[in-house]
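Notes follow the structure.
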Amino acid sequence: MNAAGLDVLLKYFPRSFVETLSKKLGINQLYPTQVEAIKSGVLDGRDIVLSAPTASGKTLVAELAMLKTLIAGGKALYMAPLRALASEKFEEFSSFFGVFGYRTAISTGDFDSDDPWLEKYDVIVTTNEKADSLLRHKARWFDKITLLVVDEIHLIGSDKRGATLEVFLTRTKLMPRRPQLLGLSATIGNLEELAEWLQAKPVRVDWRPVPLKEGVYYNGEIFYSDGSSTTLDDHGTPLYDLAYDTLENEGQILVFSPTRRSAVSDAKKLSAITVKFLKPQEFRVIREHVSRLKSVYTDKVTLELLELLSKGVAFHHAGLGLEARSAVEKLFREHLIKAVIATPTLAAGVNLPARRVVITDYRRFNVELGYYEKIPVMEYKQMAGRAGRPRYDKEGEAVLIARSLQELEFLLNEYINARPEKLQSQLASEPVLRSHILSIIATSENVRSYSTLGRFLTSTFYLHQNKDYFFVIERARSILEKLVSSGFLEVEGEKLLPTQLGVRVAELYIDPETATQGLNFFKSREKASTLAYLYMISATPDAQTVHVRRGDEEWLEEKLKVMKEELGFEPPEDDIEYEFFLQVFKTALLLEDWINEVPEDVIVERYDVGPGDIYSLTLTAQWIAFALSEIAKLSGYDVHAVNLGVLSKRIEHGVKEELLELVSLKGIGRVRARNLFNFGYKSLIDLAVAKEEELSRVPGIGKMLAKSIKKQLSSREEGEVDEEQPELGEPGPLDFYLSS
DNA sequence: GGTAGCACTTTATAGACAGCATGTC
DNA sequence: CTATAAAGTGCTACC
């Protein structure tokens, strides 16, 4: 390695820092990506949108830029689209900046660094939504941010979540002292347009640390983009051929499959091959992981996975629980399992490179629109970019599978040699716009009239891209009317003022429509059954629902007969509405089972979901329950507020009310709490009185846990002093000024 | 009468962010 | 709206 490779950094950093980079962090040379970015001025404080392939060193660019800003006494905010990515970066940054004596914090739905908020940290890692939420809550440290790093900034074009990022960026753009911006992007068709909107410099780098070959497999041959080709041995099916060839050369293969079902079945098929390449010592290590996972999961989905793991292969999709997923990732990274067959979870998710990536189908069924569509080139490129493990593989290879000569041609032209499409702003869709319009008015003092809102909208990417100003203004006007009639805003002449309710809705981060539905529910009844609450929650636009299969209708209708009373209303007549009704009803039943302590395995079977689905379903329901409880409180519906508060806790832990006290202990979940309860420990007092040895006789409670319980209880008795919260409510520094 | 094997028919379809206050299966 | 693989069902041939 060439130590002089770091010379360019001496212009920006003290020599000791550069030496530390080399000695402690093993960074001796800069990648072309980093050189380009520095040439373009990231370290001189310039705003930049950097588009470069996966693993081409974008993270180090961000780290250097952040380090630069920290040395100057500033603070950096790093935003990522997924919680998993945020926590991955948090780990990385903690050690990187730790070496230089700077502190890193993370704030997502999962974790929150508590201490007097995030003020004293130098680097803060969040998800996009969390960053937006912090803005809404007027976090005071926000004006201390001197560098904003937005990872995967191309997410601005995603239909569901793109608008959040767009509004966030528009807001920061309009701040009086805007922080430096570093956007990190995959390859996109209109980088220049995006950068121009952000008033940043577009920087495009195509260099990859591991060269990537892209090709199409047809009739026993891989045809590469450069016109060359290789022939593979025949093992029955294209996927077998590709897998065999990869494993034979001691590589690993990552397969993208369109559905969960096909991912599982492809994994099963490939197990016949992978098992042949599994060495005995590898098998032993895998078995340890498998037996550990067996103690966590006993549902059929995970059991199927565990069986496959022992054969050196795995499937990966969002139905799997968190631990199962990360076990698959870990085993694959350690080269123990040879093949992973994944749904698009992994396309934009955690970094899991493999020598060869196979995309079995360029089409995917669109559940919402109800038809098959071809996946965007950008998504293909993201998947293909996973090919090639730095340091392990000389080159990576991405392969699409063609079924006919025509398709071969089509895939070469439309994917491999195609340019990724242009990013399109997704701001104009109504449900998205209504949330953000309320949020903008409710949480910033400077957009409080039709004209300032109009000016805000003018600064968005949407209007930068589409010149139809009047269309947006019209749509905004109709949304404003609805927000006013729902009681979130008030009009005083030209002025638009948020109500207390409106502010709270924006802070709680729920769709105004969710709040409206909640309020209608509260208004129409003084009390409600648990099932009725669960139904109401699951029917909101923020909720997730489960699918109703053909065979479900029958038993759902049986259930309905018995529970009509409890539900408190008649199901709709209309066919489409009825279909939605059944979906919501099924979801409500699942949640009810969950809070009645029905075992996870049973839920998995009964509702045809995976443990991961249960997790995300309950997480969402719990959040909505909490938010609506707050809305009820604010609107004077005290009974509903209390009921929903309790319900939210029950959903969080999956327990009956009687266990809520026990479950507040660290290390005690629904299962252990029930065991304790059945052994007569029904409250914290009971536990405080009990002896450690007695507690450890309860199934699921070992010596360690018994000790931890006692320790927790004794510290509670002493009454720990709560940490002081910074006062809220002052106008935040994030308010921007739309001076005309 | 029972069943293996095959052809035809039916069925279902990816993912995941947010509050708050501290640590799930 | 532009599909397809897996699971389910039913039929036939054969013992």
Side-chain angles (χ1 to χ4, degrees), chain A residues 80-84 86 108-112 114 126-134 136-137 155 158 160-161 164-165 256-266 293 295-299 302 317-319 321-324 342-349 360-361 363-375 379 403 435 504 507-511 542 544 547-551 594 599-601 603 608 611-620 622-630 645 648-649 652-655 663-673 712 722-723 725:
Chain A
L82 301 177
R83 296 203 283 232
T108 70
D110 285 334
F111 312 95
D112 217 333
D114 41 9
T126 69
T127 53
N128 296 340
E129 281 76 8
K130 188 67 177 192
D132 184 42
S133 166
L134 289 166
R136 294 187 185 194
H137 283 273
L155 199 93
S158 101
K160 292 258 172 3
R161 297 172 54 205
T164 305
L165 191 52
F256 285 102
S257 200
T259 67
R260 289 183 184 184
R261 202 166 57 179
S262 60
V264 174
S265 109
D266 282 345
L293 285 170
S295 63
V296 186
Y297 300 103
T298 48
D299 63 280
T302 316
H317 61 61
L322 260 36
E323 283 180 45
T343 56
T345 1
L346 280 182
T360 60
D361 203 331
R363 289 157 300 191
R364 187 159 50 227
F365 190 85
N366 184 319
V367 185
E368 265 150 36
L369 303 178
Y371 64 89
Y372 242 58
E373 60 192 358
K374 40 181 280 204
I375 58 173
E379 198 174 323
R403 290 162 195 78
S435 287
R504 196 74 187 109
E507 285 174 349
L508 288 166
Y509 220 86
I510 52 174
D511 188 325
D542 282 312
Q544 268 183 279
H547 276 280
V548 175
R549 290 162 305 156
R550 200 94 178 160
W594 169 250
E600 254 184 308
D601 312 4
I603 297 181
D608 192 33
D613 300 308
I614 300 179
Y615 174 78
S616 83
L617 231 34
T618 55
L619 197 68
T620 309
Q622 187 256 121
W623 161 59
I624 299 171
F626 174 84
L628 289 179
S629 151
E630 291 288 301
S648 156
K649 283 279 166 209
E652 179 180 1
H653 298 285
V655 295
V663 109
S664 71
L665 289 166
K666 209 191 312 190
I668 304 296
R670 65 198 304 242
V671 176
R672 285 167 179 162
Q712 289 180 58
D722 284 355
E723 212 136 5
Q725 290 288 329

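Since we're looking at a predicted model, the values are computed, not measured. Below, chain A is the first sequence line, B the second, and so on; all start at residue 1.
Remark: P of B:dC20 and CZ of A:Phe111 are 18 Å apart, rounded to the nearest angstrom. Put simply, OH on A:Tyr615 is 10 Å from P on B:dA18, counting in whole angstrom units. We find that CG of A:Leu619 is positioned 16 Å from P of B:dG15, with the value rounded to whole Å. The distance from atom CH2 of A:Trp623 to atom C1' of B:dG19 is 8 Å, rounded to the nearest whole Å. Note: CZ (A:Arg363) to C1' (B:dT13) measures 14 Å, nearest angstrom. When the C1' atom of C:dT4 is taken as reference, atom CD of A:Glu373 falls 15 Å away, rounded to whole Å. Atom P of nucleotide B:dT11 and atom CZ of A:Arg549 are separated by 12 Å, given to the nearest angstrom. One interatomic measurement links the two molecules: NE2 of A:His137 to P of B:dA21, which rounds to 10 Å at whole-angstrom precision.
Nucleic acid contact class of A:Ala627 (heavy atoms, under 4.0 Å, all strands): none. Residue contacts for A:Thr108: at a heavy-atom cut-off of 4.0 Å it reaches the sugar-phosphate backbone alone, with no base atom in range. Nucleic acid contact for A:Thr345: sugar-phosphate only, since backbone atoms but no base atoms lie under 4.0 Å from a heavy atom of the residue. At a threshold of 4.0 angstrom between heavy atoms, the contacts of A:Gln622 include nucleobase atoms, whether or not backbone atoms are also involved. Residue contacts shown for A:Lys374 are absent, as no nucleic acid heavy atom lies under 4.0 Å away. Backbone-only contact: A:Leu82 has heavy atoms under 4.0 Å from sugar-phosphate atoms and none from a base. Backbone-only engagement by A:Arg504 is indicated by non-hydrogen atom pairs under 4.0 Å involving sugar-phosphate atoms exclusively. If you check every strand for non-hydrogen atoms under 4.0 Å, A:Arg261 touches a base.
Under the 3.5 Å distance criterion, with hydrogens and angles disregarded, a donor-acceptor pair is assigned to the side chains of A:Tyr509 and A:Asp132. The closest side-chain donor-acceptor pair between A:Thr127 and A:Thr108, if any, does not fall under 3.5 angstrom.
The base of B:dG19 is not paired with the side chain of A:Glu630 by any donor and acceptor separated by under 3.5 Å.
Both A:Leu369 and A:Ser265 lie close to DNA chain C; mapped to their nearest nucleotides by heavy-atom distance, the more 5′-ward contact belongs to A:Leu369. Each of A:Val548 and A:Gly667 lies near DNA chain B, and the nucleotide nearest A:Val548 is the one positioned closer to the 5' end. The residue among A:Val663 and A:Gly109 whose nearest nucleotide of DNA chain B is located toward the 5' end is A:Gly109.
On the P atoms, B:dC17 is 34 Å away from C:dT2, given to the nearest whole Å. C:dA5 and B:dA14 have their P atoms separated by 15 Å, given to the nearest Å. Taking the C1' atoms as reference points, B:dG15 lies 22 Å from C:dA6, given to the whole Å. The P atoms of B:dA16 and C:dA3 are separated by 28 Å, rounded to the nearest whole Å.
For B:dT13, the base is stacked against the aromatic ring of A:Phe365, per a cut-off of 5.5 Å between centres and 30° between planes.
Residue A:Arg550 places none of its side-chain N or O atoms closer than 4.0 Å to OP1 or OP2 of B:dA12.
Proximity of A:Asp613 to A:Gln544: side-chain heavy atoms (C-beta onward) are nowhere separated by under 4.5 Å. A:Thr259 has its side chain out of reach of A:Phe365: every pair of non-hydrogen atoms, C-beta onward, lies at least 4.5 Å apart. A:Leu508 places none of its side-chain heavy atoms less than 4.5 Å from the side chain of A:Arg136.
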| request: Report the C-alpha distance between A:Asn128 and A:Thr164 in whole Å, list the side-chain angles of each, state the deciding distance to 0.1 Å, and finish with yes or no for side chain to side chain donor-acceptor pair (under 3.5 Å). | output: CA-CA 7 Å; A:Asn128 296 340; A:Thr164 305; over 6 Å; no
| message | Let's go through A:Glu600 and A:Trp594 carefully: what are the C-alpha distance in whole Å and the side-chain angles of both, what is the deciding distance for side-chain contact (heavy atoms from CB on, under 4.5 Å) to 0.1 Å, and is it a yes or a no? | response | CA-CA 8 Å; A:Glu600 254 184 308; A:Trp594 169 250; 4.2 Å; yes
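The base-pairing partner of B:dA21, taking Watson-Crick or G-U wobble contacts with both distances under 3.5 Å, does not exist among the strands shown. The base-pairing partner of B:dA12, taking Watson-Crick or G-U wobble contacts with both distances under 3.5 Å, is C:dT4. Summarising the base pairing, C:dA13 is matched to B:dT3 through a Watson-Crick or G-U wobble pair whose two defining distances lie under 3.5 Å.
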